[in-house]
Amino acid sequence: MFKKLFLLTLLSGLVAAEATATAPSTYRDIVALRAMNRRAQGIRPMSDGRHYTILENNSVVRYNYADDLPGQTLLASPGDDFPIVDYQFSPDGTRMLVARGAEPIYRRSYTTRYYLSDEEGLRPILTEMEGTRDASFSPDGRTIAFSSGNDLYLYDIEADSVRRITRDGRWNETINGTTDWVYEEECAFTRAYAFSPDGRRLAFLRFDESQVPLFEMMRFDGTLYNRAYTFKYPKAGDRNSEVDLFVYDLDTERTERIDAGPDRGQYLLQPLWTPDGRLCFQRLNRRQNHYELVLCLPDGTQRVIFDEQSPTYVDHTNKPLQFLPDGRRFLIGEETSTGFRHLYLYSIDKGLLRPVTQGEWEVTDFVGLRGDKVYYLSTEGSPLRRDLYRIGLNGKGKQRLTPGDGFYSIAPSADLSYYICEGSNSTTPSRTEVFTADGRPLRTLADNAELRERLAQTDLPVREFFTFTTERGDELNGYLLKPADFDPAKRYPVLMTQYSGPGSQQVSDRWAPDWESALTAHGYVVACVDPRGTGFRGEAFRKATYGNLGALEVEDQISAARYLARQSWVDADRIGIYGWSFGGFMALGCACKGDGLFKMAIAVAPVTSWRYYDSIYTENYNGLPEDYPEGYDGNSPINLAHLLRDDRTRLLLIHGTADDNVHFQNAMEMARALNRWGKRYDMMVYPDQNHSMMPDDTINVREKMIEYTLQNL
């Protein structure tokens, strides 16, 4: 009887404990919750417009958009020793190119082993080639282009033979058909070639990086003798690669250089073709304030069909560009004429025809075109949200298609008969549904019911949005995360988390818990503010920081800290700040300029001088070093180290030694400056970890930051 009663009491206690909401208190708790957030990832639309595929348990599975039917396995998992990292279908859908495993190079690039799957089964191809990468089918499906050893090749599927297109590829000297480090990082592409629509010509970029300064990054790797990894990395003001555009004719096997202009310091972006087979290229001057879209005509002449100029910079990183099927018109994104990024319809022959979208809000993504309807995501409802709209090419008949307030992403079918919509908001994890082209819901792919039930029993903090006006009259957006038992009569320590980089956004209405959320279980408030220079509030707000990175942004974060300190529920003596990368640069700037306002600062992988960072990013937002020296030196934390009130501000500097993006040099020079001025600080070094603290320490570094915050704030 006693044992039975004890058991019932114990079970009742367990049920009560499960029913009581608890707050996640560690980063691993946050990771566990995020892992429950089911998403339809890796969606690939098939050319028939009716089906899509996903990589599911290392198998390629096909689903029907309209019908809630079991998936059909098109390629069963070849085994645990065959990790599929990528796949693509031939244009007619009869073959599949499969990438087995990945050997990372930089952020987006990797080498792999390729296999071909068809009615004969799965077989390896290019077995005699080393370091193969960036492969893709030609439009006719008979050929596969790929890169190996900085050279470009063609693989004839029927003949099972390889044809070499270039022969001058050399490591740290010449690259054909793929990008150099800085293009990969800042222009966000690695495949630097494009087939013509008929598959008979191949346009490709050639990078001559022989004059680019060489950077050495030390690798340790647990070996007796460490070694230096060397690669070409152009820092602000230094020599870039000289880039040329070529066209290879598959029938004649002749290669022609395309005259892209006399400026050897310019940037050439991805080549492209019109639907009727005419070559186009995009060029941008070194200052990045003059963008041109150039059309190559059949008679050998060229015509600039779009021209955008700015006194600061043209945002080439987010420029939608889509030719219409008639080959005579195109859609393009532009912001300099109105101060807000919108879509415009152009004619190759007549120039601007009309604006398609208009208003004091921004188009954030071009989704696709179906007939005369343009689909796009925008901030029209709020800068904090993303909604799907469709509108006629004539700029009329606009409709909002997303079902509720939140932050949405869209995966369209090949012909946009359907689209898969994923949305979340600050209180609700993602929900993924299939819709018809006119916005009619068909079925739900993932509703995260299990996660929602868990969250109902979990005191996960929810973003509370606010705005405030700085001493200078600028209105800034922010959010707060508060403890579950928050009492406005009490006073709480506050950690400010931020990134603050040009065009970025941290304050958004989406479900995105991270390590900082765990602090609320320990009695902390987390605050985040987007300062001037961040995105989605118009060109003037975003470009206010041009040529002076770190000045206005630091002013605004200090203003945010002062605003928070005035709140009755904030312990003004316990305000800290954290940031990673650009955010780390900001955390150091705030720690040095804050005059003891911040009790603690954590800077992870920070830029400490813009003279140490790459050419494309830095010069885009900060101008050329010779034109804006104060923007490079006046805001450098290295030159502000003497201002650090180490008697009031506890500083933690964190960096990975294999960071090919923001080099470990930044942390070392910051440490040198702090040492020179006799400043006290803490430091965590992660051997052989990159900018994201991969491959080993993504969890460790966040656990360390929680521990450091609990001990020092």
Side-chain angles (χ1 to χ4, degrees), residues 107-108 179 182-191 267-270 272 280-285 287-293 306-310 312-323 330-346 355-369 374-380 382-389 391 407-412 499-508 510 530 532-546 549 581-582 614 616-622:
R107 187 192 295 265
R108 296 174 176 85
T179 55
V182 73
Y183 266 67
E184 173 182 334
E185 177 65 27
E186 306 302 352
C187 299
F189 71 98
T190 62
R191 185 183 298 161
Y267 299 105
L268 294 180
L269 306 180
Q270 286 170 306
L272 60 155
C280 270
F281 63 88
Q282 307 168 77
R283 66 186 175 202
L284 189 71
N285 64 334
R287 283 195 59 200
Q288 301 177 67
N289 64 353
H290 188 188
Y291 169 94
E292 295 173 289
L293 179 62
F306 178 80
D307 187 302
E308 184 178 2
Q309 300 182 48
S310 168
T312 53
Y313 62 89
V314 174
D315 186 6
H316 62 90
T317 61
N318 188 14
K319 181 170 287 300
L321 175 58
Q322 177 70 48
F323 281 94
F330 61 94
L331 283 166
I332 195 164
E334 183 259 303
E335 67 178 352
T336 55
S337 59
T338 66
F340 293 89
R341 185 181 297 115
H342 282 289
L343 296 174
Y344 295 83
L345 181 64
Y346 273 77
V356 177
T357 62
Q358 300 179 74
E360 293 189 358
W361 43 269
E362 299 200 334
V363 172
T364 59
D365 284 293
F366 169 74
V367 173
L369 186 68
V374 180
Y375 291 71
Y376 63 92
L377 289 164
S378 83
T379 63
E380 184 170 356
S382 166
L384 278 58
R385 297 171 181 152
R386 302 291 184 270
D387 284 302
L388 176 66
Y389 291 83
I391 193 171
F407 204 102
Y408 292 92
S409 61
I410 305 296
Y499 179 73
S500 304
S504 67
Q505 184 178 40
Q506 298 294 102
V507 183
S508 60
R510 67 167 87 186
D530 280 337
R532 285 170 290 175
T534 53
F536 310 106
R537 294 184 57 186
E539 183 184 26
F541 188 87
R542 178 164 50 83
K543 295 183 179 179
T545 60
Y546 178 76
L549 286 183
S581 194
F582 194 102
D614 77 58
I616 295 182
Y617 182 96
T618 308
E619 295 168 10
N620 192 33
Y621 302 120
N622 217 28

_Trace of the side chain to side chain contact (heavy atoms under 4.5 Å, CB included) decision for R386 with T379_ = CA-CA 5 Å; R386 302 291 184 270; T379 63; 3.5 Å; yes
*asked:* Let's go through I332 and Y346 carefully: what are the C-alpha distance in whole Å and the side-chain angles of both, what is the deciding distance for side chain to side chain contact (heavy atoms under 4.5 Å, CB included) to 0.1 Å, and is it a yes or a no?
replied: CA-CA 8 Å; I332 195 164; Y346 273 77; 3.9 Å; yes
Has the side chain of [X] got a donor or acceptor atom that lies under 3.5 Å from a matching backbone atom of [Y]?
| X | Y | answer |
| --- | --- | --- |
| Y376 | H342 | no |
| Q288 | I616 | yes |
| R341 | G333 | no |
| R287 | L284 | no |
| E184 | R108 | yes |
| T545 | P502 | no |
| Q358 | T338 | no |
| K543 | Y313 | yes |
| Q322 | G368 | no |
| D530 | V507 | yes |

How many angstroms lie between [atom1] in [X] and [atom2] in [Y], if you round to the nearest 0.5 Å?
| X | Y | atom1 | atom2 | value |
| --- | --- | --- | --- | --- |
| E186 | D614 | CD | CG | 4.0 Å |
| E360 | F340 | CD | CZ | 4.5 Å |
| L345 | T357 | CG | OG1 | 11.5 Å |
| L321 | L272 | CG | CG | 5.5 Å |
| L343 | L331 | CG | CG | 6.0 Å |
| R542 | Q505 | CZ | CD | 12.0 Å |

Using side-chain heavy atoms (C-beta onward) and a distance below 4.5 Å, is [X] in contact with [Y]?
| X | Y | answer |
| --- | --- | --- |
| F366 | V374 | yes |
| K319 | V314 | yes |
| H316 | Y267 | no |
| E335 | E308 | yes |
| R532 | F541 | yes |

Closest non-hydrogen atom pair, [X] against [Y]:
| X | Y | result |
| --- | --- | --- |
| N285 | H290 | OD1-N, 3.0 Å |
| V367 | I410 | CG1-CG2, 3.7 Å |
| C187 | L269 | SG-CD2, 4.0 Å |
| T336 | E539 | CG2-OE2, 3.6 Å |
| L377 | S409 | CD1-CA, 4.4 Å |
| E362 | F536 | OE1-CA, 3.5 Å |

*Does the side chain to side chain contact (heavy atoms under 4.5 Å, CB included) test come out yes or no for F582 and L549, once each step is laid out?*
CA-CA 10 Å; F582 194 102; L549 286 183; 4.2 Å; yes
_Steps toward side chain to side chain contact (heavy atoms under 4.5 Å, CB included) verdict (F330, F306)_ = CA-CA 10 Å; F330 61 94; F306 178 80; 4.1 Å; yes
*Give a yes or no on whether Q309 atom CD has more than 12 heavy-atom contacts from other residues, nucleotides or ligands under 6.0 Å away.*
yes
